[in-house]
Structure formats: structure tokens, C-alpha cells
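For reference, the structure discussed in these notes is given below.
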Amino acid sequence: MLITFSRKCHTLPRKRWTLPRSTRTEPAPPGRKALTGKSPDVQMDIEHLSKAVPQLAKVFNILDKIGEGTFSSVYLGEALMRDGRKELFALKHLIPTSHPTRIAAELQCLTVAGGRENVMGVTYCFRKDDHVVIVMPYMEHQALVEVIGSLSFAEVRLYIYHLLKALRHIHQFGIIHRDIKPNNFLYNRRSRVYALVDFGLAQGTADTQIELLKDLGGLRKTPRPVFGERNLNSCTPTPSATTPDAGKAEEALSWRCSMSRASGRALSGSQKPAKAVQPGLTCDCFLTDRVCNVCMSRKQQVAPRAGTPGFRAPEVLTKCPDQGTAIDVWSAGVILLSLLSGRYPFFKAGDDLTALAQIITVRGSRETIRAAKTFGKAVVCSQALPPQDLRTLCETLRGRRRASPGEDVPSALACRNRSPDGGSICEPADSAELTLQNQESFSNCERTVCLMKPALEAEEEEQGWDRVPDEAYHLLDRLLDLNPNSRISAAEALQHPLFKDL
Ligand code: ADP
Ligand code: MG
Ligand code: ZN
């Protein structure tokens, strides 16, 4: 059988505009499942796919479904090669409503940047009508949740090194992945193989080398007015941050609105926001539970907001309109924080505001406010929270250190109870009373079964957790720099002293 990349996929039919991908659900746990005993549901899905794309069945024996998200299903297929060997492939069936440019851009990222430097390659692509199936080499991998409790420090260091390598590579092409998380970075612990997948949300930098990512710029402008997001959205101190089609009057309005809010915010809680210079033209709803006419009539700020809340950078969470490759570096930082603390997911937030509140509990409120200012966003916090020392935080969560009374481990993140089976359970957090413009309070962490196994001290020592070098926490601090302009790049991070022998 000859497998080559077909250009056919670039001439996709015009279809309905796709859903915003930020609502996507997690795919099924990865990893190769038993090849026998498919559930009737999976069997039915395989039959549907075979009918929708009949060419597939001529080449592949579809064995199982290995991943399922809102925007694709991934199957395991076996092909008989010319030399008689059987080879395994991952068949990613995109939902038929995906925008053709979106699909083509995902493919182009894989074809141009993939196949090296820990980035998944592509083997072939099938299309029948509006059904597209991307064929990739199958990579056996483990879900991070399954192994995080037993990883050694050496393994963690390698994992993050290889993730940064993949990021440096795609960033060189001007690709912003936008959905960096463990489910999209396949990891084979035994063979130490790593692969970045899923360019379904990727976007291009201004000078991207991926032609189709440039075309996506036009698709991005559709505003998504969502009630309840208005206040986080409304105050924009930089005129450049308004929508591209916003008129001059609109710009002036938002500017004034932001100025009045900013001055109101500078006052202490008991004082009222500064009096409006021109009543009726300036926002006067800040810290109230109503929406004033100014805010009501504002145009929605348009900023890409893809990804998974817990991995989103502060500039994404606050809808900063210029987002760059630094957003992927932040996500890598969140992964490193998970790996060093042994907790996955680390930030478990269902929405952006909760995610921002959780970031604030770790990185500090003043620091977050200051960083947000640099990218033109005003963040308000009703309570001042100090930044955490990262080593203390990780060692405490790892159980290597007891939280002493004066020590601040964010309550939303600390596990209070150990369950009898060795896992531990997160208590709902005390309300931290964080107010972020629209006065939503910090919602409590849901009951989460944390995945840390009770590790014997001796075992921990063997795994190197007793001598994590300062460099690891220094790098973590640089990856989780709240300010995208000073945040370390993937290329710089690879030069970090933590990796000097690699
Ligand atoms: P989605 O856009 O639906 O998230 P992904 O490309 O992330 O799709 O794939 C979903 C899941 O399928 C991945 O998390 C992984 O478990 C599995 N998968 C994807 N590509 C491969 C591959 N080449 N080899 C093995 N498994 C894969
Ligand atoms: Mg994915
Ligand atoms: Zn207002």
C-alpha cells in the first residue's frame, strides 16, 4: 500500500461555520485499549465512519476508538503494508461541521512542522464530502494522570524539556498551538517518546510561515457576545484593544469607561468611584450588580479565547487581543507545576474567572494586577493575596512538607484529607472572596480525587524528590511569568541551567 499525503484535503466543501472550540470536552483517556471486546457503541461508531468514508475500509482495519472530543473522534486503524507488515495508525475523524479553512490549517501545521522535534506528523488524509480523516502514525502513550504519582524528578525534567522542544519548533514556524495540555502531548514513558498533537485550535503569529493560519485571521472576527462576560471585557485602557471595526466614537467611549473605572479602582473599598466627568458617557456600574448604558452599548471585545481554562495564560483569561507564542509557554508552566507538585489537574477551573482567581492564589494579587496593566487590562481583587513560594507550595502538595500555620497553601489547592485508598480528597476551598470586575467570587474547587499516592519517604528519595534543584523552581517561575512580554520563550527555556547536561 502506498501512503502519501494527498492535497485533496485542501479543497474542502464550504460548510457551516464551526462552533467555538473553547467549550470542548476532554477526550476519552488516551492509551491503547484492548483490541477485543469493543463496546457496541464503539462498534457502531466504527461502522458509521466506514460508511461515511468508504475508502478507509479499503486500507484500514479499524480496531477501536482511542479518543473522543467535541470536535473529533480518534480511531486506531491497522494497515497491511507492502512488505507484509501490519502497521498501526491513528485516524482522526473531524466533525463534519468544522470550517474547511480550519481543517486545512490543522493539516498544514502537521505537514509543515510535524514529523520531527516531538511534533506528530501526518501520513495521509481522506475526504468524502464533508468528512475528513487525518491519518497519523499511531503512538502508544500513557495518560499523565495515570503516571504522575510515580514519575521521578528525572522523568519530569525530561518531559518538560521535550515539551519545550516541541514548542520551540512550532513557534519557529509562527504557530501558536493554543491548547497545550497533557492530553495533547503524547508521552510514552517506557520508550521516552513524546509527540505534540492537535492543531485544531492553532493560530498564526503575525509573521507565520503557515499560509492557512493567515487565512484564519478573517474567520476570527466573529464576535461572541456572551452575557455575563461583559464586565471582564468592558474596560479597555488601550484604544488598540477595541474591535477592528469599532468606530472612533466607540473607541473614545471605551477609553473613558476604562479611565473612570481605573480611577474608581484605585480608591479603597469604602470610597466611591471617581465622579464621571460627563455623566451618561462614563461607566458608573463598576462594583455594582447592574450594567450601565455605557457598558450595555459597548461592542464586545474580540480576542481569541481557545483552550482549557486551567491551562490558559492570564492574557488569554482577560481576553487581551494580542496573544503570542507566550501563551503556550504559560501552559507548559502549568504542566510543570502539576508535575512538580504531583497534582493533576493543578488549576481545576470551569471558567476563565475561576481560573484567574486560582492563578492569583499562587502568583499573588498585586503581581497579577501589575502584569495585567502592562497588557492593558484592569483586574480587581477584593482581597490582597501574597504570591506563593513555588518550592514550598510544590513540596507541601507533594506531602514532603507540612503546611505550618503561618504558611499559605491555597486552600483551593491543598488537600486536607487522605482517603483510605491512598489518594487524597480536596476539601472545598474557603471562599477567598476574590472580586474580579464583575464581582464573581472565587468558586470553590469541586471535590476532586487527587492523584497523589502516599509515597514512602525512601521511595521519594529514590525518585529524586528530596533533591529537586532550585533551577527547577526558577524555570517554573519564568514559565509562569504573569507578564507575557517578559515571560521566557521556549527557545530560551531550553538554554536554562536546569537542562545544562541535555
Ligand atoms: P481533539 O481535537 O479531539 O482533542 P486530538 O488530536 O487531541 O483530538 O486527539 C485526541 C486524542 O486521541 C489524543 O489525546 C490522543 O489520546 C489520541 N491521539 C491523537 N493522535 C494520536 C496518535 N497519533 N497516536 C495515538 N493517539 C493519538
Ligand atoms: Mg486534543
Ligand atoms: Zn459600566
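Order of listing sets the numbers, starting from 1, for every ligand and every atom in it. Residue indices begin at 1 and follow the sequence shown. Note that the structure is a prediction, hence the values are computed from the model and not measured.
For Arg116, the CZ atom is densely surrounded, since the number of other residues' heavy atoms within 6.0 Å is greater than 12.
Side-chain N/O atoms of Thr101 and Asp215 include no donor and acceptor closer than 3.5 Å. When only modelled atom types and interatomic distance are considered, His496 and His474 share a side-chain donor-acceptor pair under 3.5 Å. A side-chain donor from one of Asn188 and Ser191 sits under 3.5 Å from a side-chain acceptor of the other. For Gln388 and Arg363, the side-chain atoms include no donor-acceptor pair closer than 3.5 Å. A donor-acceptor contact closer than 3.5 angstrom is absent between the side chains of Ser489 and Arg478. Side chain to side chain, His169 and Asn118 fail the donor-acceptor criterion of an N or O pair below 3.5 Å. Counting only N and O atoms by type, the side chains of Thr205 and Asp207 include a donor and acceptor under 3.5 Å apart.
Ligand 1 has no nitrogen or oxygen under 3.5 angstrom from a nitrogen or oxygen of Glu68. Remark: ligand 1 and His141 share an N or O pair separated by less than 3.5 Å (distance only, no angle test). Looking at ligand 1, you'll find an N or O of Met139 within less than 3.5 Å of one of its N or O atoms. Between Met136 and ligand 1, no pair of N/O atoms sits closer than 3.5 Å.
In Pro137, the part holding a heavy atom less than 4.0 Å from any atom of ligand 1 is the backbone. Looking at Thr70 against ligand 1, nothing comes within 4.0 Å, counting heavy atoms. Under 4.0 Å from ligand 1, the heavy atoms of Lys92 that appear belong solely to its side chain. Residue contacts with ligand 1 for Met120 involve side-chain atoms from C-beta outward but no N, CA, C or O (heavy atoms, distance under 4.0 Å). Using a 4.0 Å cut-off between heavy atoms, Val74 contacts ligand 1 through its side chain alone, with no backbone atom that close.
Close approach to Tyr138 involves these atoms of ligand 1, each under 4.0 Å from a residue heavy atom: 24 (N), 25 (C). Ligand 1 places these atoms under 4.0 Å from at least one heavy atom of Ile66: 26 (N). Of all atoms in ligand 1, listed by their number and element, those nearer than 4.0 Å to a heavy atom of Ala90 are 21 (C), 22 (C), 23 (N), 24 (N). For ligand 1, the atoms closer than 4.0 angstrom to any heavy atom of Leu186 are 15 (C), 21 (C), 22 (C), 24 (N), 25 (C), 26 (N), 27 (C). Residue-ligand proximity, Ser72 to ligand 1, at heavy-atom distances under 4.0 Å covers atoms 1 (P), 2 (O), 3 (O), 8 (O). Annotation for ligand 1: atoms under 4.0 Å from non-hydrogen atoms of Asn183 are 13 (C), 14 (O).
Remark: distances from the non-hydrogen atoms of Phe71 to ligand 1 are all 4.0 Å or more.
Of the options Val132, Val122, Ile134, a side chain to side chain contact (heavy atoms under 4.5 Å, CB included) to Glu106 is made by Ile134 and by none of the others.
Rounded to the nearest 10 degrees, the angle OD1 (Asn184) to the Mg ion (ligand 2) to OD2 (Asp198) equals 100°.
Seen from the ring of Trp465, Arg400 does not count as a face-on cation partner, given the 6.0 Å and 45° thresholds.
Taking the six-membered ring for Trp, Tyr124 and Phe89 have ring centres at least 6.0 Å apart.
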